[in-house]
K.L.:
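Below you will find the structure I want to go over with you.
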2 protein chains.
Amino acid sequence: MNQPKRYLDIVLDIRKMISQENIRPGDRIPSERELAETLKVGRSTIREALRSLELLGLIETRRGEGTFLSDHRNHRLVEVLSTFILQDNQSQRDVQETRKIHELSAIRAICQNEVSSQLPVWDSFSRQIDEGETFLREDFMRELLVLSGNRLSLKIWILLAQYSGNPYKGRITTDETAMIKNILAAIMRQDADKAASGLTLWIDWLQKESTEDDHDT
Amino acid sequence: MNQPKRYLDIVLDIRKMISQENIRPGDRIPSERELAETLKVGRSTIREALRSLELLGLIETRRGEGTFLSDHRNHRLVEVLSTFILQDNQSQRDVQETRKIHELSAIRAICQNEVSSQLPVWDSFSRQIDEGETFLREDFMRELLVLSGNRLSLKIWILLAQYSGNPYKGRITTDETAMIKNILAAIMRQDADKAASGLTLWIDWLQKESTEDDHDT
DNA sequence: TTTTGAAAGTGGTCTGACCACTCATGTTCT
DNA sequence: AGAACATGAGTGGTCAGACCACTTTCAAAA
């Protein structure tokens, strides 16, 4: 019977402490020595837990200052993780697929809401396309997630977006303008099914495009 | 000029070593002491890197045996992240909504697949209802997620299920049998839209039924 | 008043020491 | 010979203490 790993308990303890003390993103958490004494474990054990959380981007450490709850704006872990996890095809497919799930649900939610489907932002996107301006695909997608109103879904999506390479990272090309305008039109007339199928079309097209362009970092 | 974190380099070094030595999932990687000597750093630094990778589910350590490349590419990160993500996002609505998103996507995926939509399990559910047997709502939902084939989505769903408490925990009642049979029929004739709308109906009904349980921690 | 610098506090790293556990090897007993 | 046992080497788990590099603070000096 293997003992449960201490440092895992520590991770949970720290999390509990954070919620109990009402520590918010950006706030400082107790020092390593302090945590070690409070939780009655060695400092190295504390550090193993903290380093794990740091690699996940959940906390941020600054030498000489302390350890802080992160604002969820960090990438650090992503490159590392992608080289490990995403080598597995099934995993990578799942990430893409799950991301798509959230995007499709978001666009459906928007269409079903009279307010968010009539927002000037859609017109603005449409006008940008007409005027030959480009924008980041990711910005468009993020807008969908934000306006869907589901903050949890948004957070999950942001995570997945970090994991899922760069088909979304670029700017839209003229090849895509027709598809996007279709989507925008569908949103503005609150046609959820058409908007969803249009978005599916676009995403699938994007992923097909990116499989031909393969880079290594 | 802040020095870059050592243990982050170590993570990359270990990754490089793994690919160079052609270590595959399930294989053993060098011991901590060995790594420390090879990479010319202290053992504690090595451990911080390894613990991070372990929390991510990338490696597995067994006391007395060694450290191994993780066999199953599990997304343990989701579990850890969730405890942090959900802490400030206590809007139970978002959790329920996101859960629904995954359930609906799952049932759609099943309908669009000739194999999974024709599995005997659906007939089995149907027969159980006819014979007056009951089953846990959660078991039905889990079946959906499992058969959707997206393991990441399943992981997320399991998490959300833990956080979203009650409505799914019970057994089906006679009030629901008609709705469920509708859903099952739609699945078996691969009617994704009908299956999805039927499931929506059921879920909304469930949530309406239990509109008195509101906890905050 | 402003500047300076020493001290305290913090994370980063290393070392050496135990402990608990697994496994292979050798030894003893039957 | 075969089986049960004992031992020791190797490994991860944890701890304590020691430096180092860095930041902040604040009292002393200019």
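In what follows, chains carry the letters A, B, and so on, assigned in the order in which the sequence lines appear, proteins first and then strands, with residues in each chain numbered from 1. What you see below is based on every heavy atom in this structure, not just the backbone, and it leaves out hydrogens, waters and symmetry mates. Quick caveat, the model's predicted, so the values are computed rather than measured.
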K.L.:
Please confirm whether A:Arg171 makes a cation-pi placement over A:Phe135, using NZ or CZ under 6.0 Å from the six-membered ring centre and within 45° of the ring normal.
P.N.:
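No - A:Arg171 does not lie over the ring of A:Phe135 by the 6.0 Å and 45° rule.
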
K.L.:
Does a side chain donor of either A:Asn150 or B:Thr98 reach within less than 3.5 Å of an acceptor in the other side chain?
P.N.:
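Present: a donor and an acceptor within the cut-off.
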
K.L.:
In whole angstroms, how far is the P atom of C:dG12 from the CD atom of A:Glu54?
P.N.:
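Rounding to the nearest Å, CD of A:Glu54 and P of C:dG12 are 6 Å apart.
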
K.L.:
Could you check how far CZ of A:Arg51 sits from P of C:dC14, rounded to whole Å?
P.N.:
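In whole Å, C:dC14 P lies 14 Å from A:Arg51 CZ.
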
K.L.:
Charged N to carboxylate O under 4.0 angstrom, B:Arg51 versus B:Glu54?
P.N.:
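Result for this pair is yes, salt bridge flagged.
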
K.L.:
Given atom CD of B:Glu32 and atom C1' of D:dT11, what is their separation to the nearest angstrom?
P.N.:
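From B:Glu32 CD to D:dT11 C1': 8 Å.
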
K.L.:
Tell me the interatomic distance from B:Glu60, atom CD, to D:dG12, atom C1', rounded to whole angstroms.
P.N.:
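Those two atoms, CD and C1', are 13 Å apart.
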
K.L.:
Once ring-ring contact (aromatic ring centres under 6.0 Å, His included) is applied, do any residues pair with B:Trp122, and if so which ones, sequence neighbours excluded?
P.N.:
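Residues passing ring-ring contact (aromatic ring centres under 6.0 Å, His included) with B:Trp122: none at all.
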
K.L.:
Could you tell me the separation between the CZ atom of A:Arg47 and the C1' atom of C:dG11, rounded to a whole number of Å?
P.N.:
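Atom-to-atom, A:Arg47 to C:dG11, this comes out as 6 Å.
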
K.L.:
Send over the distance from B:Phe68 CZ to C:dT22 P, rounded to a whole Å.
P.N.:
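Rounding to the nearest Å, CZ of B:Phe68 and P of C:dT22 are 12 Å apart.
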
K.L.:
Run the side chain to side chain contact (heavy atoms under 4.5 Å, CB included) test against A:Gln118 and tell me which residues pass, sequence neighbours left out.
P.N.:
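Testing A:Gln118 for side chain to side chain contact (heavy atoms under 4.5 Å, CB included), a comparison that skips the adjacent residues, returns A:Gln190.
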
K.L.:
Mind listing the N/O atom pairs, protein and nucleotides 15-19 of chain D, below 3.5 Å?
P.N.:
{"from": "D:dC15", "atom 1": "OP1", "to": "A:Arg6", "atom 2": "NH2", "distance (Å)": "3.3"}
{"from": "D:dC15", "atom 1": "OP2", "to": "A:Gly42", "atom 2": "N", "distance (Å)": "2.7"}
{"from": "D:dC15", "atom 1": "OP2", "to": "A:Thr45", "atom 2": "OG1", "distance (Å)": "2.6"}
{"from": "D:dC15", "atom 1": "O5'", "to": "A:Gly42", "atom 2": "N", "distance (Å)": "3.3"}
{"from": "D:dA18", "atom 1": "N6", "to": "A:Arg43", "atom 2": "NH1", "distance (Å)": "3.4"}

K.L.:
If I take atom NE2 from residue B:His102 and atom CG from residue B:Leu152, how far apart are they, to the nearest 0.5 angstrom?
P.N.:
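CG of B:Leu152 is found 8.0 Å from NE2 of B:His102.
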
K.L.:
Quick check for you: among C:dG12, D:dT11, D:dT14, whose closest atom lies nearest to any side-chain atom of B:Glu34?
P.N.:
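Looking only at side-chain atoms, B:Glu34 lies closest to D:dT11.
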
K.L.:
Figure out the CD1/P separation between B:Ile14 and D:dG12, and round it to whole Å.
P.N.:
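Roughly 11 Å, once rounded to whole Å.
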
K.L.:
Distances under 3.5 Å between protein N/O atoms and the N/O atoms of nucleotides 4-10 of chain D, please, pair by pair.
P.N.:
{"from": "D:dG10", "atom 1": "N2", "to": "B:Gly64", "atom 2": "O", "distance (Å)": "3.2"}

K.L.:
Verify the contact: side-chain N or O of A:Thr67 to OP1 or OP2 of C:dG11, cut-off strictly under 4.0 Å; return yes or no.
P.N.:
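Yes, because at least one side-chain N or O of A:Thr67 sits under 4.0 Å from OP1 or OP2 of C:dG11.
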
K.L.:
Name all residues meeting the side-chain hydrogen bond (donor to acceptor under 3.5 Å, both in side chains) criterion together with A:Glu176; count only those two or more places apart in sequence or in a different chain, and write none if there are none.
P.N.:
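A:Glu176 satisfies side-chain hydrogen bond (donor to acceptor under 3.5 Å, both in side chains) with A:Arg137, A:Thr173, A:Trp202 only.
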
K.L.:
Counting N and O atoms only, with roles assigned by atom type, does the side chain of B:Thr45 sit under 3.5 Å from a partner on the main chain of B:Val41, one being a donor and the other an acceptor?
P.N.:
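No.
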
K.L.:
Quick one: B:Ile10 CD1 to C:dT13 C1', roughly how many Å, whole number?
P.N.:
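Interatomic distance, CD1 of B:Ile10 to C1' of C:dT13: 11 Å.
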
K.L.:
Could you work out, with salt bridge (charged side-chain N to carboxylate O under 4.0 Å, His left out) as the rule, every residue matching B:Asp13, not counting sequence neighbours?
P.N.:
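Applying salt bridge (charged side-chain N to carboxylate O under 4.0 Å, His left out) to B:Asp13 gives none.
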
